[in-house]
Amino acid sequence: MQNLIKLIPLASIMILMLFAFVIPLLKKKKHVYKLTLVIMSLVTVINLIHVVYIALNGGYLFDVGHFPAPFGIVLRIGEVESGIGLLFCFINLMVLWYSYFSLEKEIKSNRIGFFHTLDFLLLASLLGIVFTYDIFNGFVFLEVSTLAACGIIVVKDKKANIKAAIKYLILSSLGSGLVLMGIAFVYSISGHLSMSYIHEALIQNAEGKHNLILISMILFTVGLGIKGAMFPLHIWLPDAHSSAPSPSSAILSALVIKAPIIFLIKVYYLVYGTTILSGTVVLDLVLFLGVLGMIFGSLFARSQKELKRMIAYSSVAQMGYIFFGIGLGNKLGLIMAIYHIIAHAVTKACLFLSAGSFIEQTGYKTIDEFKGIGKEMPVTLGIFTISSLSMIGIPIFPGFISKWNLAMASIESGKILLLFVLIASSLLNAVYYFPIIINGYFGEDNLVGKVFNSKIRPVRTLLPLIILSVVMVLAGLFSGFIIEFIGRGIYI
Amino acid sequence: MEKIIMLLPLGVPIVGTLLIADKKIIKDEYVTKFVSIVLFANFLLVLTSLFGNPLLQLHVLGVNDFLDVYFKIDQMTRVFALMASILWILTAFYAFEYMKHEQRTRQFYTFFTLTLAVILGVAYSGNLFTLYAYYELLTLCTLPLVIHTGTEEALSSGKKYMIYSFAGASLVILGMMILYSITGTMTFMPRGIFNDLSNYDQDLIRFSYIAMFLGFGVKAALVPFHSWLPNAMVAPTPVSALLHAVAVVKSGVFSLIRITYFVFGASVIKAVNVTQYLIPFVVITVVMGSLLALHQDHLKKRLAYSTISQLGYILLGILMLNPNGLVGAILHMINHAVIKITLFFSVGAISHMTHKKYIHQISGLGKKMPITFICFTIASVSLVGIPPTNGFVSKWFLGVGALNADNLFYIFILLLSAFFTAGYLFPISVTAFFVNGKQNAKQQNAKAHEIVVEASLEKEAIETSDHSEQMDHTGASIASETLDPSPFMLVPIVILTVIIVGLGIFPNVVINFLGGVIADAF
Amino acid sequence: MQILLNNYMIVGAIFLFGIGFMILLLHNNLIKKIIGMNIMDTSIFLLFVNLGYIKGKEAPIIIDGVMHASGYVNPIPTGLMLTGIVVAVSVTAFMLALTIKLYEKYGTIELDEIQNLRGD
Amino acid sequence: MNTLVYILILPLLGAFIGYYIGRKNEMKRDLFNVVFTAVELLLVITLFPAIKDQAIEYMVPNIMGTGLHLKVDMLRYAMLFISALAWFLTTMYSTQYLIKKKNRNRYYFFFMLTYAMTMGVFMSENIINLFTFFEGMSLTSYALVIHDEDKYSHEAGKSYLAMAIAGGLVMLFGIFLAFDYTGTLDIGDMGKIMPTLGDIRYVIALLVMFGFMIKASVFPLHTWLPKAYTAAPTPSSALLSGILLKTGLFGIIIVLVELMNFDIAIALLLYCLGIINIFLGGILAIMQRNVKRIIAYSSMSQTGFMLMGIGLVGILGKEGGLALSATILYMINHAFFKILLFMGTGIIYMILGELSINKISGFGRKKYKLGIFFLIGVLGLCAFPGFNGFVSKTLLHEAILEAHHSTHHIFFTVTEYLFILGGGLTVAYMLKLFVAIFVENNPEFYGQYNEQVHKRALVPMGILAALILCIGLFPNAILEPLINYAEYIGFEPILHVKVYSSESILYSMISLLIGILIYQLIIRRKLYVKHETGGAYFNPSLGWFNIETDLFDPILKILYKLFSIVFSLIDNWLLFTAKLLADGFKRISDVDIVTSINREVKWVPKEASLMIKGINAKAEDLKNIDPKMKMEEALELEMFKEQSSKLKELIVRGHFKMTSISNSIFLFGIVVVFCFLFVYVIGN
């Protein structure tokens, strides 16, 4: 039974890839939906079992095809990876369930099959990135995820989509180029591709090759930074989000930009290790870019006209928080970075789906047109409010917990001034989320001419949204368990 | 069983809110009845939980050491919870009548009851985290009340109120983070959590105290962050009476007392001598509030600035760090709440009955609305601090407290601003009673704008209408129809005035009640 | 200067990468941009394959019977680059498909014209 | 002894009951008031035997936190007696006087309330109760001052209240200090601890006395007196000058005797202030034309005499017993003849509605009853032998001589001459008043209106005249209790005092002569202008330097302006910076690095776009800054506008063609270079 459960990570990747190519064979839309939902829930359940197993008896290494380490591909499955894996599957399930009702409105009916194929491929590659212990294997999964993500963006086949897809593809391939060059340098030093072996090789003959290590580190940071929407390199995100259909923009901002960050953390701590890392200034670079991201992300979000672009920029700001966590360099900072990945994924998915339902029901795009929407779609705006409260940092919600612990981490690392940055950015969040909520629910001239519950969607379509917000609140309330769970599997 | 009794006062209003919010369950005409039932039931529950219940503290949700919702009852909680629930009931009655000519009353009552739950939460909170959580929720659920009228101006003042409150809340969070990183615990201990000062970093303590003081100061209308209060006067009177005289500002002051005496502890603050940085703010608040009140011609704006200055008194009392100062501060917290709510109610009654909002418009109105204006006059006399009423008692303790802190400058400030208080409150009563509106209206405007220090009349000055000039003495007074508001509005005002005078003559009742708080704090 | 001389391969690869980047940056025609991207990818593949090269040994292709392992160049980088090339090819194919779509929509593949078109 | 509590509570109840009855029937209310004040007077009289030889105290626990502590000794009893008597007589008088006035019910209500508060002031031993009743008295008496509701009375009320409240607050400051240093609130115990305090007790004494000085209209703080007395209806101005003035003096005696126990420095201060008051009051009284103003200034100069008496008590130290009883007697006498004079003027005003001497001259020619009573009052005031004024003045004169004997200081001889000159001044302006009204023959008045002088107005004047006469003729009856009170307090026993001695009569004759001389020389010559029909007085002092309008008001106005400017700056300083910050943030974020649709601003350097947007934001700021600053701002803005438009074209032309994709690639390049630089430069 034990090794059956150990098979789950590889099995989930395989199942997803397999069914990705079964879906085009189905003719009817209804069958496609049914199949995808069944498969997705199956994968989520087995991942859940897997997490429970890991919680009981800890992480392990898994040789794919029983080839030993230096030659075969090895998967490292710890608490962090299994947790993130479960998160990705759960959110993908919710998004698919939501798109079950709203996808026809956005893309042509013959394209739905392609959408689901690409989505399965994307999820498989993301899980691959998270689980892999071999950097070249990671690179390949990165490429697959880029193409799949590009596919999702372009599935809507509008002018803006294509332009956004081209921009995303060019930038991502630039990023992958840098990552490959980084791998080349690391390979030239260590001669291995499996992370643990590279680590030992690097430690032994690190003296002479200090420059090479430094260059490879920078290449990895920038390469994965683009894919993870680090602040200055986030340019592709807003265009991709504003044009893409809302389920895909939810997946994009909740999952696609998270996996490269996990890969970056693994590269930092499993390939280079803390000794080499503390020697260099790379973490301070990440911290600096994270801080910039937090401040300017919110600033740009504030001045956006369209709702989706605003939420996209807010993702850039939240990614800034994650980079801030990594950049601090201490254990609590890293744990909180991963916790924020989970919190942000759930909250952002919730935000994007509710925004999507606003746009779908009213047909408008810009924020000013959403004045008084609270009267027409009170429940959806309610969910939007809860998730934005978490973004702003109201005590019970996960947003607050990650802000609080990031502050503790920054005090621990001795950088008191960063507290002000944290406070300022959460204030800036409030500045651009609250007008939407206030103008949605209150204001005489906003509500004139609006009929109560006129544009409501049937409750069963809102179910995924409700579940997501409930999970978010639970993530906030039981953050103690999650943090402790991540703490056990952290790499430092 | 005790657990339930302890949690009920916090839960019942929330359940009530949910019921009111739903149109189907409570029909429109039953809303007011339902609200009054909820408030009364809650008042009884508060009484049982405060006094009857042996259980005094309860961990509701202890996830990890800092994120735990912890309720604890001590003497300070009793003071604040009692004050809030009593004044809430009176405001409810007042609001039933006042809201008749406003629209969207259901939305008003929903958030009205919700705010009570949050205020009780602030009172019951046992550690800094719960206090911060409720403090944050307080902004959220008072916001819809502030922008109730929905006009453009209301929305912009709501926005300003929100920005100030959130800036304040983030300052508090800043202070809390540093405090937590130093001490590792945030529960309220009677004499503060720092046992010996040696092993803590002094300027971190200083920095976190200043951050938290300014953070909570925003809600307590400290000078640089006070300008949201006058703007929030755009809200309907029950809201501005209850929130900006009692609930919101007092929760700011209450939390300040909590962090000064139950988190840091008076001895620690004295040792770190951080008050010297904060005293200038407080002094400016006291004098500026009352001075700018002289300028305002709009009645509610004038009362708003007076609130700012009176809150400065309370903050001064807190920063004196001695028993008398603290008693003075808490006493003034209660007295000011009672007085200011009376003033706001009478101003509300005037605008409700005659739609007059400016001082120069109400000349000669005293004859037509005698009871309202008498209560207004007694309340303003008490606010100035003329002895027989309760304002004097708290000023007396503040003065003695200032002397114990051997700082004569405080007393000078207190008395100077008392003089200004007389300056901006008495003209209102005088123009109402002694200036007959008819023939010298224009002269009246000149007077109203020019700063006039006028006396008011001490006790009842019920006015019979003018007699005809005939010589015989038989002419019984022909009282022209009085414009006094309906009993629903009048009864709360009269009750509050009786409380003012009663507290003034028999203050020992409250002072002994506060003895418990002093025992905890020192 | 000495460093540059003895690992001239890396310098060459970086130089080639620069050229590809410049093409990508300066040309507005989409096809030219794709060519630029390909040049960059090839430069990385050259670098990688070159790492595995040992002077005086042949490529690991079995012509007549298996020689001793030491006779061949390190096969792993070349193997890896196979996958790399596959990836690059698929990306280029995707780009070309998008360019065709773009042409359908806008009637031109000059990015600055598209910019002006959409702007007005 | 709860009679004390009854005395205090009765007028309070009377006020409410009176008002209630007043709403129904005026007649019944007047009757009720008169009967009520009579009962109160009887109550006070029955109290006399109890306090003849020792003081009585009564404590009501935890009223007002500290408890109501009432104490009555001889000094306080004297005050109680004259206020009870005065209130009884003025109530009777005002039932007749007020018929023509409006708001009668309200007037009686505050009339009785002030009565209660005054009794409270005289009886309270606890300093907080004293302060409470004192503040209450000034507030309720304000309503009396402002009764006519015309512009003049509002003016008077304004300064009356401003001074009362300012005085009250300064007194509160003193009470705080006293409580802090002595720890108790009872005046008696405080008096025991004060001497041990060192020079802080002078500060405390001065602060506490400040409030009393205002009420007693001592020199610098007297400006409200003439305005308030003339604005108030006559019965209340009678009480204001008769009784409320005495509360101020009573307070000063309490501070000097009980708190500071005969401290020389304060006594001397009071002595000099007394002299200034005498002369200031006297000279201004001579100048006036309005009858009420003359009497008002006359009470100011009489206060000067009483202050001298109090000063003497301190200066003489142990032998001050005589001075103390002289001052108390002086207070009693002053109350009687002042109220009598005011009632007289009230009757004239009631009939003619006029107060200036020129208009009412010769009115009293044929009115014998009114004339006699008025004459008795005048003679009492001028200390003509045989009347009560003479008794108290001679005793005071004796005290000055005694002070002169004990210290042999030239200062006292000088003050003795000033004392006599002051007496002369009083005689002068009283003569001016009496001659003008009752002696001059004026064609219009030939004795008509006689029937309008009702009996109910004359009876109280009659009682007062009788009292003046009997004190004048049998001084010992009233002197006995006062002297053994002085001994009771601890002064040396006073040997038998001969009031009517040759020198005392000689001295009063001298001051009478001086008075007539002043009247003939100054008033008839200088102030009386003859024209064909008859003479008319003119008042030169109208243009003179008036302390209040020329000194206090300007200072207060400047201070107020200064502070309000400073504070309004603080008030919207934060608004201004917040707005600036918000605009700044908004403009920074408007610069979209990605060249989105709006062509006009591409990758524009931040400062330039800030500048452009800043200008049109400034225009919008102009709206909410008050109008008068708008003119210069508008000009400056125009000049800015043309410059910025040139700048805009410059930027847009300068920018070379960049599509969004190549733009982002360009940015990518920059970031890669930046990262390398960051790591290498900062790394080592």
Side-chain angles (χ1 to χ4, degrees), chain A residues 160 163-164 166-172 174-175 177-178 181 210-211 213-215 217-223 225-226 230-239 242 279-286 288-289 292 295-306 309 313 424 427-428 431-432, chain D residues 574-575 577-610 612-614 616-617 620 657-684:
Chain A
K163 217 165 146 27
I166 289 173
K167 176 185 278 186
Y168 173 58
L169 200 55
I170 291 176
L171 283 175
S172 301
L174 266 174
L178 289 186
M181 200 180 257
H210 187 66
N211 269 353
I213 293 173
L214 212 56
I215 293 169
M217 248 196 251
I218 297 164
L219 288 175
F220 270 114
T221 317
V222 176
I226 299 177
M230 196 190 275
F231 168 65
L233 311 165
H234 67 287
I235 317 131
W236 56 272
L237 197 68
D239 295 348
S242 63
T280 65
V281 177
V282 170
L283 277 184
D284 295 341
L285 170 66
V286 170
F288 175 66
L289 292 179
L292 277 184
I295 301 293
F296 283 101
S298 325
L299 267 180
F300 291 149
R302 192 180 170 292
S303 68
Q304 292 310 319
K305 302 287 176 294
E306 278 173 38
R309 280 182 82 84
Y313 272 111
L427 255 178
L428 283 171
V431 165
Y432 61 80
Chain D
L574 188 83
L575 284 177
T577 37
K579 192 156 174 34
L580 221 60
L581 264 175
D583 289 352
F585 268 137
K586 211 164 93 40
R587 275 193 295 281
I588 291 173
S589 55
D590 280 356
V591 173
D592 197 339
I593 295 180
V594 172
T595 52
S596 56
I597 300 161
N598 51 4
R599 301 285 307 281
E600 169 245 334
V601 173
K602 281 270 185 315
W603 167 256
V604 164
K606 281 201 189 85
E607 301 69 26
S609 71
L610 263 178
I612 303 162
K613 291 272 169 67
N616 28 33
E620 169 241 300
K657 276 277 161 270
M658 273 283 266
T659 61
S660 74
I661 294 181
S662 40
N663 187 335
S664 39
I665 297 163
F666 173 70
L667 190 74
F668 169 79
I670 293 172
V671 166
V672 169
V673 167
F674 167 73
C675 289
F676 275 95
L677 277 178
F678 183 95
V679 170
Y680 276 97
V681 164
I682 297 176
N684 33 31

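Just so it is clear: chains get the letters A, B, ... in the order the sequence lines come, proteins before strands, and each one is counted from 1.
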Aromatic plane relationship, A:Phe231 with A:His234 - under 30° parallel, 30 to 60° tilted, over 60° perpendicular: parallel
Whether A:Trp236 side chain and A:Ile226 backbone form a donor-acceptor pair below 3.5 Å: yes
Under 4.5 Å from a heavy atom of chain D, the part of A:Ile218 involved: side chain
Pairs of heavy atoms under 4.5 Å with chain D: top-ranked of A:Ile166, A:Ile170, A:Ile215, A:Val282: A:Ile215
When A:Leu174, A:Leu219, A:Thr221 are compared by non-hydrogen pairs under 4.5 Å with chain D, the top option: A:Leu174
Non-hydrogen atoms of A:Gly225 and A:Leu233 that approach each other most closely: C-CD1, 4.2 Å
Toward chain A, the part of D:Phe674 with a non-hydrogen atom under 4.5 Å: side chain
Geometric class of the A:Phe288/D:Phe678 ring pair [parallel <30°, tilted 30-60°, perpendicular >60°]: parallel
